[in-house]
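Chain identifiers are assigned alphabetically (A, B, ...) following the order of the sequence lines, protein sequences preceding nucleic acid strands; residue numbering begins at 1 within each chain. The model shown is predicted, which means the values in this text are computed figures rather than measured ones.
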2 protein chains.
Amino acid sequence: MKKFITIRDVANAAGVSINTVSRALNGKPDINEETKKRVLKVARELGYVKDATALSLKYGLTRVIGVIFEDSSNPFFSEVFKGIEMKAREHNFNVILMNTEKNYDIEEDAIKTMISRRVDGLIITPTQERFEDIESLANLNIPTIILGVHFKELKLPEVHTDDVAGGFLATDYLIKKGRKRIVLLNGLSYKSVAQMRFEGYVNALRDNGIKYLDELVYEIPEGVESAYNKTKEFLLSGLRFDGMFCFNDIFAIGAIEALKEFGKRIPEDISVVGYDDISYAKYISPSLTTVAIDKILEGQTAFELLLESVKSKAKVSAKEIVLDVKLIERKSA
Amino acid sequence: MKKFITIRDVANAAGVSINTVSRALNGKPDINEETKKRVLKVARELGYVKDATALSLKYGLTRVIGVIFEDSSNPFFSEVFKGIEMKAREHNFNVILMNTEKNYDIEEDAIKTMISRRVDGLIITPTQERFEDIESLANLNIPTIILGVHFKELKLPEVHTDDVAGGFLATDYLIKKGRKRIVLLNGLSYKSVAQMRFEGYVNALRDNGIKYLDELVYEIPEGVESAYNKTKEFLLSGLRFDGMFCFNDIFAIGAIEALKEFGKRIPEDISVVGYDDISYAKYISPSLTTVAIDKILEGQTAFELLLESVKSKAKVSAKEIVLDVKLIERKSA
DNA sequence: AACAGTACCGGTAACGTTACCAATCACAAT
DNA sequence: ATTGTGATTGGTAACGTTACCGGTACTGTT
């Protein structure tokens, strides 16, 4: 097992002290130009690569941030991550990514791990059971960004999209297309998000003078099957509706599946609007009209806000960044 | 900026030496049971969390592995990553994930970064330009697993799926469904993978006594549009074909899009088989018949093989693990 | 009473790096 | 000749942790 080349090896090979090597390596003054060149040449020849673990210990800064998601393979999170990693790389940070599988205990462990790793900051989409674990981060003054969800209770910076506007946009669009009885197939896992989209839905109805009906609003668990089954239930029960606003594109896919199975024409009989604009939204049939959020931008924004906190070292302010959403018109509505 | 609690703080608070604290923390012998309890209590009260950076430096082991992908938001990679992270977590490892954006220079930088971070191992899907960067890892004896692609030249362990079998399976299935003129819409980016699927395609034709025709085989760049355009081209040129074997599901989606636009019935007029079984494969219309690879298993396998190398510390053998593939029958063929 | 054995605990070095201080040397200014 | 100055270099401590070694006090054996 070969060992890594250390600054000491370079020093020996170049016949200077480790200090001189350090000076050469870091472009510091107080070093002869010739010596510097010679040292750098030796370092290159020996294949010296700085040991980041030593630097982390010395400076108490790791240049690593942690990202904790419930499931990084979910297309929403995987795109957000891409944005985070992109910006992190640009600023010479690395990213440790962990999944919680929506389990609070795993989340707690993950946060402990991140603390142990001495990450310079953390981006997290918390499960919504309890917040002790997150608060422990604040106590340690580890800059933390809450991503995607809304928690005014947690006095921490948040980056998310304008879900009220998104809910309004989708519903208003359906109404403008002549729909009057619009089912809201809402999510429950992210309560805050679901609530805000619901708010947008209600606002749009009100602004258009349409009566709100409890019988058209449903909260269902995650997954395509869930939406598929619920929609089937609507159709079997004879529920009258001519539009559907789905919490996300996954739901929309499930709903469309069920509608087609019952011979409903989309959008003629029933219009469907999704949410997220996942990359496959345009390839399903009919292509999905949906509320788009710029997931990569969301990731980038989160990193940049985090970096700000990391640099300022001050107690992070509970700043909130709300990103715009827009409606993508396709064929399903 | 509050600092972290160190072993020294605990020692002071408990009125013992740092050695005793260390012994208590690590369940080492040579410590009084009472003292141990007291120390652990103090440590808990103070919120002590071990500093992983110090351990990394001390032991020369970081319990971090690196993962380098071209694009972690690609559904294939994001699922593989999930498998890697799952297993890593189980073994108390963390994962740093970096994207190369298919750029060799970025890949080279990423590998340098991983070396600098002193990762205990690396899982990588190399771009296929050059291999100097990867060889530098081997020189440093950083255990490295090549994932997804085939490089006998690189004497490194590989984990990938049986692409020859996959190509055979898809083509054979189409033939069994009565198809005689089967277009192969092959990829080029992963040359080795594309070649093996091509081999499977040829084998299936031969075994079924169908003549191979050059005019039915195409290599196209990545992306839905790419497949969409190529298929349109076929249809406009009057190329005769009754089946399509697509390099991946993305291609299949593009192809189906074009076929539908030209009023072709799928699978009656033209049968289409994809590859990968991405999670949306079953929701497109018609649902996609495709060759499935267990991406999570692939990630898990890669981690386990890597862990083996990390533990053995021996020069890693060029072991190759080939995972099975299977055909998922749906409606498109 | 002398000694060995054992249980427990603390001092120190080391991992690789850089910051700080001290040292050396050449040369110019007095 | 002495002193000061600037350029260059090296020694050492420190970051947090554990391994190794040495020390102390108590017990039991003869």
> Which nucleotide wins on minimum distance to the side chain of D30(B), given the candidates dC8(C), dT17(C), dT9(D)?
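Closest of the options to the side chain of D30(B): dC8(C).
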> Given that L55(A) and E33(B) both sit by DNA chain C, which one's nearest nucleotide is further toward the 5' end?
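Result: E33(B).
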> Check whether any side-chain heavy atom of F81(A) lies under 4.5 Å from a side-chain heavy atom of L97(A), and answer yes or no.
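In contact.
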> Among dG16(C), dG16(D), dG10(D), find the nucleotide with the atom closest to the side chain of N19(A).
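The answer is dG10(D), which lies nearest to the side chain.
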> I need the CD1-P distance between I31(A) and dA19(C), as an integer number of Å.
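Distance check: I31(A) CD1 to dA19(C) P gives 14 Å.
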> By nearest atom, which of the nucleotides dC9(C), dT17(C), dT17(D) is closest to the R23(B) side chain?
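Out of dC9(C), dT17(C), dT17(D), the nucleotide with an atom closest to R23(B)'s side chain is dC9(C).
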> Check the phosphate of dG10(D) against T20(A), side-chain N and O only, distance under 4.0 Å to OP1 or OP2. Yes or no?
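It does, given that an N or O in the side chain of T20(A) lies less than 4.0 Å from OP1 or OP2 of dG10(D).
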> Could you check whether T35(B) gets within reach of a base, just the sugar-phosphate, or nothing at all, counting any heavy atom under 4.0 Å?
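Touches sugar-phosphate only.
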> May I have the distance from K36(A) (atom NZ) to dT8(D) (atom C1'), rounded to whole angstrom?
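Result: 13 Å.
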> Between atom CD1 in I18(B) and atom P in dC15(D), what is the gap in whole Å?
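Going from CD1 in I18(B) over to P in dC15(D) covers 11 Å.
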> Find the distance I7(B):CD1 to dA14(C):P and express it as a whole number of Å.
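These atoms are roughly 19 Å apart.
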> Give the rounded distance in Å between these two atoms: NZ of K58(B) and C1' of dA13(C).
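Rounding to the nearest Å, NZ of K58(B) and C1' of dA13(C) are 8 Å apart.
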> Quick one: K28(B) NZ to dT17(D) C1', roughly how many Å, whole number?
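Checked: the NZ to C1' distance equals 11 Å.
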> Classify the angle between the aromatic ring planes of H150(A) and H160(A) as parallel (below 30°), tilted (30 to 60°) or perpendicular (above 60°).
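It falls in the perpendicular class, over 60°.
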> Which is true for L57(B) with a 4.0 Å heavy-atom rule: it touches a base, it touches only sugar-phosphate, or it touches nothing?
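Touches a base.
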> Please report the distance, rounded to the nearest Å, between CG in L61(B) and P in dG16(C).
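Roughly 12 Å, once rounded to whole Å.
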> From the set dC15(C), dG10(D), dT18(C), return the single nucleotide nearest to any side-chain atom of V16(A).
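Closest nucleotide among those given: dG10(D).
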> Do V64(A) and D120(A) have side-chain heavy atoms sitting under 4.5 Å apart?
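Sidechains of D120(A) and V64(A): no contact.
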> dC15(C) C1' sits how many Å from R118(B) CZ, rounded?
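Going from R118(B) (CZ) to dC15(C) (C1'), I get 11 Å.
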> How many angstroms lie between atom CZ of R117(A) and atom CZ of R63(B), to the nearest 0.5 angstrom?
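Rounded to the nearest 0.5 Å, the CZ-CZ separation comes to 8.5 Å.
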> With the side chain of N32(B) defined as its heavy atoms from C-beta on, choose the nearest nucleotide among dG16(C), dT18(D), dC8(C).
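Among dG16(C), dT18(D), dC8(C), the one nearest the side chain of N32(B) is dC8(C).
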> Of the options dT17(C), dT9(D), dA19(C), whose atoms approach the side-chain atoms of Y59(A) most closely?
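Given the options dT17(C), dT9(D), dA19(C), the side chain of Y59(A) is closest to dA19(C).
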> S22(B) side chain: which of dT18(D), dT17(D), dG16(C) is closest?
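Between dT18(D), dT17(D), dG16(C), the one nearest the side chain of S22(B) would be dT18(D).
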> Output yes when a side-chain donor or acceptor of E158(A) lies under 3.5 Å from a complementary backbone atom of I321(A), and no otherwise.
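Checked: no pair found.
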